[in-house]
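Contents: one structure, followed by commentary.
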Amino acid sequence: MAASPAIDLGEPLAALFKRARVADSLYRRYEGRLAELGVGDAGDLLEEVALKGIASLAIHERQAEKLRQALLGRRGWEDAAAVLAASFGGLSLDDTPAGVAAGDQ
């Protein structure tokens, strides 16, 4: 299976919808509803889908499919939680910042 595209969790929704080739008029239709749900960027969208499913966003099936392809490549929406977790996989509360000795914290 081909690798999924890199995900910028901070990508603004307007940019994500444009990259997914969703018409601007449709994005404006969904924008208010997404804002009400607290969905402001790609990471928020993935989190909402991981928690409640894509249907919770009330986005037309064709447009949702375009978003899925732009965000997840060949993966399905059911993989949203795993993709989101993997995006944070390189972060750890135990990591020592670069240039700081372990005992200097």
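Computed over heavy atoms, backbone and side chain alike; hydrogens, waters and symmetry mates excluded. Nothing fancy with the numbering, it's 1 onward along the sequence.
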Which heavy atom in [X] sits nearest to a heavy atom in [Y], and how many Å separate them?
X     : Y     : value
Arg29 : Arg33 : O-NH2, 4.1 Å
Asp8  : Ala42 : O-CB, 3.5 Å
Ala20 : Ala70 : CB-CB, 3.7 Å
Ala64 : Ile59 : N-CG2, 3.7 Å

*asked:* Can a donor-acceptor pair be found, under 3.5 Å and without considering hydrogens, that links the side chain of Lys66 to the backbone of Val22?
replied: no
_I'd like to know if the side chain of Tyr30 and the backbone of His60 have a donor-acceptor N/O pair within less than 3.5 Å._
yes
_Validation row: Leu13, Glu31 side chains within 4.5 angstrom (heavy atoms)_ = no
*Is Asp44 close to Leu34 at the side-chain level, that is, under 4.5 Å between some pair of heavy atoms?*
no
*Nearest 0.5 Å, what's the CG-OH distance between Leu67 and Tyr27?*
11.0 Å
*Euclidean distance, Arg75 CZ relative to Ile7 CD1, rounded to 0.5 Å*: 8.0 Å
_Going by side-chain contact (heavy atoms from CB on, under 4.5 Å), Leu45 matches just one of Leu9, Leu37, Val39. Which one?_
Val39
*Side-chain ion pair, Arg68 and Glu65, N-O less than 4.0 Å*: yes
